[in-house]
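So the structure is just underneath, and the comments pick up after that.
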Amino acid sequence: MSDLRHRAASLSPGFVPTAVLSILPVAAVLGIAMLAQLWLAPVLANAGADFFIKMGVDILVAMVLAISLTMVNGFTGQFSIGHAAFMAVGAYTAACIVYYGSYRFYGNANVQGGLVSSMVYGVRDVPWFAWADALFLGALLAGGLVAAGCGYLVGLPSLRLKGDYLAIVTLGFGEIVRVLVQSQTTEVLAEGASVTPDHLRMIPAWGSTLAVDDYITAEAIASAPVWVWPKYVGGALGFGGLPFYTSPFWVVLVAGLTLLVAFRIKSSSYGRAFLSIREDEIASEAMGVNVTAYKVRAFVVAAFFAGIAGGLFAHTVGVQLNPAELGFQKSFDIIIMVVLGGLGSISGAAIAAVIVTILPELLRTPDLLAASWPYGLGGVVLGAGLIGVLRSGGRSTTLGRAVLFAGLLVAGLGLLALWAKGSEVDLGRYRMVFFALALIAMMILRPQGLLGVGEIWDRSFWADLVARRSKGGVS
Amino acid sequence: MASLWSRVTRRSAVGIGLAALSVGLLPVIAGAGRPADKILVGHYASMTGKEATFGQSTDNGLRLAIDEINAAGGINGKKIEIITYDTKGESAEAGKAVTRLITQDKVVAVIGEVASGLSIAGGAVCQQYQVPMISPSSTNPRVTMGRDFVFRVCFIDPFQGFVVAKFARENLKAASAAILYDQSAPYSKGLRDEFKKNFEKMGGKVVADQAYNAGDQDFSAQLATIRSGSPDVIFVPGYYTEAGNIAIQARKLGITVPLLGGDGWDSEQLAKIGGDAIEGCYYSNHYAPDQPSDEVKAFVEKYKKAFNGQTPDGLAALGYDAGLILADALKRSKSLSGKDLRDAIAATQNFKAVTGTIGIDSNRNATKAAVVVQMKGGKPQFVAKVEPESQPAKK
Amino acid sequence: MLEKFLQTLMDGLAVGSLYALIALGYTMVYGILKFINFAHSDIFVLGAWLSYSMAIMAGLSMQSAVPVAPWIFAALGAVTVLAAVMQAWDRAGYDRVPAAWRGRLPTPGLGGTLTIVSLWGWSSVGLAFAARMIATGAAESSAWRTVAGGVILLAAMSTCGLIGFCVERTAYKPLRKAPRLNVLITAIGVSLLLQNLGQLDWMFGTRPQGMPRLLPDVTLAQFAGSETVPPVKLHLIDVVGAGTAVVLMVALDILVFRTKLGRAMRAVSYNDRNAALMGIPVDKVISFTFVLGAALAAAAGFLYAQKYPGLGQTASATWVLLGLKAFIAAVVGGIGNIRGAMLGGLLIGSAEMFARAYQSPSVADIYVFGILIVVLLFKPTGILGTNAQEKV
């Protein structure tokens, strides 16, 4: 990290203001997001690989969640198991604003965005950025802010609570959010549904134009006051009919910015304060770190990004916002990503998000797995070769071992899939069993996670990877 | 020995590795193309997870139908192939499965889900990509609302609520009823609303209206309240697990009046859970295995033969019908494009299926009769059939 | 008014005593290892399902008896053979191999554990068979049905204890020194594994099942009641359920506070390193704690299945919520405190039932979580919890 800053300093000959230098990465993220939207996505879509776009979007949303939780669980060492609740708060806030806002401004709930949120690739006769995109962006931010507010409220008890007790409070908060949404009416104000007496009681303005059993019109929905929006969010049935705004552009943009913020926080004095709290609360208090204030800040920042991820999630193709799926099991999924990647590692969380999202999809059809065993064999040979090339005095390298292990894993799974295909065993039913076993094995064999506390952009990480292992040493 | 190994690996390890990788690529590329002489149909269902039995029954029925059609020569010489993806009973997973079916496997049509929430999620994707979808058994009105590519082959909740209310008033001559519903399940809540409305319209009186939550096991508080209203019947629109428990606890509290339910009761497990307590209770369903109809008899026979003696439940019958109606539409469709197939499905009228004569109405819902069955000796027995003509016309 | 209150109170205590039984497992493990064993509620589910399977096997349901799945014998046989091999290895093999190889071969010590596992497994199967013999021998006599039920309860407790033992040895023991978050993730992994294994066709399957009733449906007493208001009934099943729970809790209390073993448990919980220095076999005490917790959870599972015969499949939301409530009971009572868990269980059970009866079932869960948060905010260590100072 420090040499990065050195390079940055050498880039600036004195007259380039630091502000410009700090904007550069943001501009780069924006550029990559545009590239993803205008070049990569159309290329993939033309090749008939729409599903890869969908997976990419899912992965990046998971990445935002994992990175945001890393700030609380990884950097600060606090233990939140209610992260999905912040996501839910953000998702429902954004969904309300986009859905009912669309009716108010455009008279329907279709996607009205420009090129940045268009998922019909190749259409060019729309502006780059429409007002509806601003609505979506505003909704995302609002979702993030409301979630951050909840984060503040939940973070406050950490004044009193430590460790596991905080975990239990976050769990309780998560469940209360879920129960509250579930106990709402299952309705969403939608065109074509009938007016019920409940509607007329809640929205007196409708009384002048609509009667019970009339169809709800778009104008009526547009005229519904803001304060009834949170009531009609679909309850236990889920908030359906949301426009699909979450394009590759938005997810790449948000994921990139989240990565950037996490990176900057980790290498700032804030980050050091977080890390010192994680290592030893009492010692860092003695060093003048306001432990409570920093804990609450970590909570608020993490909740903000989780809220934004929720907003993105709500508007993804094929997602029906459902409170039951944003309960503590979803929180566990996010924790699994964080721990799998290595507590405190941003890049580790990002990589784990990729693995955790893709793995169940790979296990869905054994065909692809069955075809992959030769790759595994290649990996074994490559790993053996790396160990051979990079070894001296009987010591192997971490990289060689990692490749060897990955190769064995892929080959083994591939052969298993091949056998399953032959004997008509439905591997799909076993996919969660495999997932659970992998999780347990991972925790026992490599408790520090994939990357430990390292980051893939640290030079020391790569140096460690090819360094000779001392006998008996821990990788 | 060691030096030889290290020399070999040093020279060629990378080369061998790369060669192995390229060999590995071959099957993947070869497997990418699907045979052109097959028509691919996707099915998304909860094969695992909390609603696994629903998905498995539907998949059995659907596959039985498709096997039959393929055995009879398929669609203009082409065989139909079903790809089933698991949703684990989660809507986000359903959206993913349907996206994969449409964009990766390039299916011409999608069948699925049982749970309404998941059908709404999957239907949104089908609408987005303009691929027709047939839901075998999602009864919530919102499933097909505003989506011209989404159809269903079952009746909807309002009709079922009406059927039970009518049966209670006319066949059972009940003057008063109590309701105990699952307020966290939209299905249960929808049935309760419609039953209450219709039962009161027909001159009955609802003396108690109690709720519970999914996952609840103890209903004694609600049943105690219901008992003090002494109703003639108790309407329990939920799923069979809760219905079984409710029946047991009701009998324990000394409530002897019959319980009424909807198609959520339909499972052979109902009798296993409820035991004697559920005897004599009634529920409305899509079909009854002992219904006096040729189609039903033939279907039950075939299903028992195919799935070692299991009696098909309503979901299996609806899965079967969804397969038949899709195959029929495929035969009539001008091409395999989404729009042509949609028009063909929409034009389905007077189709003789297992669960009744099905016609697709302008809202893409099926209009057909419902049956009411009674639990006798641990088995549902056909009692009455209620035709759709008598359904109250909606403005 | 009084009837409703009495009825609700009875229901609350009946459910609460079951929560307490489950909460004990959470609280004992937390007391000793300072981690939340999220897989504990799945052991409870397993207890319920095992009782069901054994009752079916014994022919106590309406259906005819079903044979035991052959893979159980295969697995137990394999463990037995492995145990014999490892015993031989421990006694004679290890000393005879050249010293240079020893580093790469398993060290002695596994043989004893495996022998215990296999003997334990066979005796659990034996208990299940005893239940079957009683059930077939006694035909329709309801008293003998109850005896068979008691044997099934013991068999389920024994089997779940064994499973708890295996889980602790394979999944948690290697992580004794790892950060607590890792152990928690492992617990989640074990929980996922048990849930998804239970769903498979060769285990319990995905269909909900009805637990056969092993107790006669007898009303013991009636209170109050009038022409219009039906009386409050005290059922045998509630009495037996709550009674078994109370007996088990009293036994546990005696075990922990009155015996040498209990003293060892408390010592390990207080400070495991010092306990080891005092000659306490820490690993064995920890294993015993898991076994005890699992056996109590299995008992709760059996009683629960008797009270609410509709068993949802192992991954059903019902179980998850139940486990969560039991866990909350442990926290409210003061996690790590055994009497606290009992108090918490009764409190949460009654609060839930009163909220259900007097307000609405939909808000009952909000009350439960609300109690949790209020207790945590005002007395974070729980009602009976002691304030342990965290050291630097």
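Heavy atoms only: backbone and side chains are in, while hydrogens, waters and symmetry mates are out. Every value quoted in this text rests on a predicted model; they were computed, and no experiment measured them. Chain naming here is simple, since letters A, B, ... match the order of the sequence lines and numbering starts at 1 in each.
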Contacting moiety of Phe38(C), where chain A heavy atoms sit under 4.5 Å: side chain

Residue among Glu175(A), Met442(A), Gln182(A) with most heavy-atom pairs under 4.5 Å to chain C: Glu175(A)

When Leu340(A), Ile444(A), Leu437(A), Leu439(A) are compared by non-hydrogen pairs under 4.5 Å with chain C, the top option: Ile444(A)

When Ile328(C), Ile335(C), Thr170(C), Leu184(C) are compared by non-hydrogen pairs under 4.5 Å with chain A, the top option: Leu184(C)

Segment of Phe434(A) engaging chain C (4.5 angstrom heavy-atom cut-off): neither

ring-ring contact (aromatic ring centres under 6.0 Å, His included): pairs with one or both residues in residues 328-348 of chain C, sequence neighbours excluded: none

Atom CZ of Phe354(C) with >12 non-hydrogen neighbours under 6.0 angstrom: yes

Portion of Val433(A) that has a non-hydrogen atom of chain C nearer than 4.5 angstrom: both

Residues of residues 338-348 of chain C contacting chain A, heavy-atom criterion under 4.5 Å, by residue number: none

Minimum side-chain heavy-atom gap Phe327(C)-Leu171(A) below 4.5 Å: yes

Leu372(C) versus chain A, the contacting section by heavy-atom distance below 4.5 Å: side chain

Selection from Val331(C), Leu324(C), Ile185(C) maximising heavy-atom pairs under 4.5 Å formed with chain A: Ile185(C)

Contact origin within Leu175(C) toward chain A - heavy atom pairs under 4.5 Å: side chain

For the student: nearest non-hydrogen atoms of Gly189(C) and Ala436(A), plus distance: O-CB, 3.5 Å

Under 4.5 Å from any heavy atom of chain A - which part of Ile371(C): neither

Contact origin within Ser191(C) toward chain A - heavy atom pairs under 4.5 Å: neither

Part of Leu200(C) within contact of chain A (heavy atom distance under 4.5 Å): side chain

